[in-house]
Every structure is written in structure tokens, then in C-alpha cells.
Amino acid sequence: MPRGAAPAGIERSGGGGSDAKDAPPLPPEARALDEFEKKMATMLRQRFAGKDKMISDTYALQFIRGYRGDKNPERVILAKYEEMLKKRSEYNIDNVVTSRPEGWEEFNK
């Protein structure tokens, strides 16, 4: 393929910008937060302040959107988020990359 050529089946746009009408639609996960999602994000951050400092907003939003369809989404989201935080603490997930497991020195001789 010549340098600068678009792969087969993909048209190359002329110019530096892209027209909104030509742009592909955003995937559902890229849409703006609605009122329920904003409320739940605030609730998670307030309820678990200090315990979830390693959790990104994107990861928290995955919980909100993932459990939103449940019968009682608010209760389920809070319970699952808390469960996730407990497991992270139990298995020391936030320090896995920076700490060496027991017996590491012996194993790596």
C-alpha cells in the first residue's frame, strides 16, 4: 500500500478536520452521564471516600452502568462496589505491582 493511502474499503477524508455528519456514532459507553449516573457516582465517592482512592471514575462508572438494569439498581450498585473494594483490600490488589510476594527472593535466585 502506498504511503498515505487508506486501507481498502476505507475512504480517506480530505483536509484536516472531519465533518460531524461523516463521523461514526459514539459507542454507548462514551455517552455523557445522565442524572442517575451522576447521582450514583457522587454517592459512591461520598460513601466510600478514602477507601476507593485507587478506583478511577471510569471504573466506578462501569459498576453504575453494569448494574443499572437490576431490579433495585441503587442497592445493587452500592453492594457490588463495596464487595469489590473489600476484595481489593483482602488480596492487597492496590500493591500487587509494587510489592514482592513472600518467597520472592528464594524463587529468583
Side-chain angles (χ1 to χ4, degrees):
M1 178 180 334
R3 177 178 247 178
I10 298 180
E11 294 183 26
R12 194 174 160 90
S13 65
S18 70
D19 296 325
K21 64 180 174 136
D22 295 334
L26 288 174
E29 61 271 12
R31 66 180 159 68
L33 276 64
D34 62 25
E35 290 307 311
F36 175 78
E37 292 166 343
K38 288 177 188 176
K39 178 183 113 178
M40 287 305 303
T42 300
M43 189 182 298
L44 288 176
R45 291 305 189 199
Q46 289 174 348
R47 177 158 308 175
F48 300 105
K51 297 178 186 173
D52 68 344
K53 59 184 174 264
M54 298 295 289
I55 307 300
S56 69
D57 290 340
T58 302
Y59 193 54
L61 183 58
Q62 287 177 328
F63 273 82
I64 295 167
R65 289 182 174 170
Y67 292 107
R68 183 181 190 150
D70 280 49
K71 209 172 210 177
N72 186 347
E74 196 170 298
R75 183 180 58 77
V76 172
I77 291 166
L78 290 170
K80 294 294 186 179
Y81 195 79
E82 183 175 30
E83 182 181 330
M84 176 270 300
L85 290 174
K86 284 180 182 175
K87 290 292 182 189
R88 288 179 71 91
S89 176
E90 180 182 341
Y91 293 105
N92 201 19
I93 296 299
D94 296 332
N95 298 314
V96 164
V97 175
T98 59
S99 64
R100 294 181 173 158
E102 186 179 320
W104 184 86
E105 289 80 10
E106 181 67 28
F107 181 78
N108 286 294
K109 283 186 179 181

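What you see is a predicted model, and the numbers here were worked out from it, not measured in a lab.
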Any side-chain heavy-atom pair of R88 and D94 under 4.5 Å: yes
Would you say the side chain of I55 lies within less than 4.5 Å of the side chain of Y81, judging by non-hydrogen atoms?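 A side-chain contact exists here, since the closest heavy-atom pair is under 4.5 Å.
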Assess the residue pair I64 and L44 against the criterion (side-chain contact (heavy atoms from CB on, under 4.5 Å)); give the C-alpha distance rounded to whole Å, side-chain angles, the decisive distance to 0.1 Å, and a yes or no. CA-CA 9 Å; I64 295 167; L44 288 176; 3.9 Å; yes
Is R47 atom CZ crowded by more than 12 heavy atoms from other residues, nucleotides or ligands, each under 6.0 Å away? no
With sequence neighbours excluded, residues passing salt bridge (charged side-chain N to carboxylate O under 4.0 Å, His left out) with [X]:
{"X": "K51", "value": "none"}
{"X": "D57", "value": "R45"}
{"X": "K87", "value": "E90"}
{"X": "R68", "value": "D34, E37"}

Kindly write out the residues that satisfy side chain to side chain contact (heavy atoms under 4.5 Å, CB included) with S56, not counting sequence neighbours, or none if the list is empty.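 S56 satisfies side chain to side chain contact (heavy atoms under 4.5 Å, CB included) with T58, Y59 only.
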Tell me which pairs pass salt bridge (charged side-chain N to carboxylate O under 4.0 Å, His left out) where either residue lies in residues 74-84, with sequence neighbours left out. K39-E74
[atom1]-[atom2] distance between [X] and [Y], expressed to the nearest 0.5 angstrom:
{"X": "Q62", "Y": "M84", "atom1": "CD", "atom2": "CE", "value": "10.0 Å"}
{"X": "Y91", "Y": "K86", "atom1": "OH", "atom2": "NZ", "value": "13.5 Å"}
{"X": "I93", "Y": "M54", "atom1": "CD1", "atom2": "CE", "value": "11.0 Å"}
{"X": "L78", "Y": "M40", "atom1": "CG", "atom2": "CE", "value": "4.5 Å"}

For P73 and F36, which heavy atoms make the closest approach, and how far apart are they?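 Taking P73 first and F36 second, the nearest heavy atoms are CB-CZ, 4.0 Å.
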Closest heavy-atom contact between V76 and D70? CG1-OD2, 3.5 Å
Test item: S89 side-chain N/O and L85 main-chain N/O as donor-acceptor pair under 3.5 Å: no
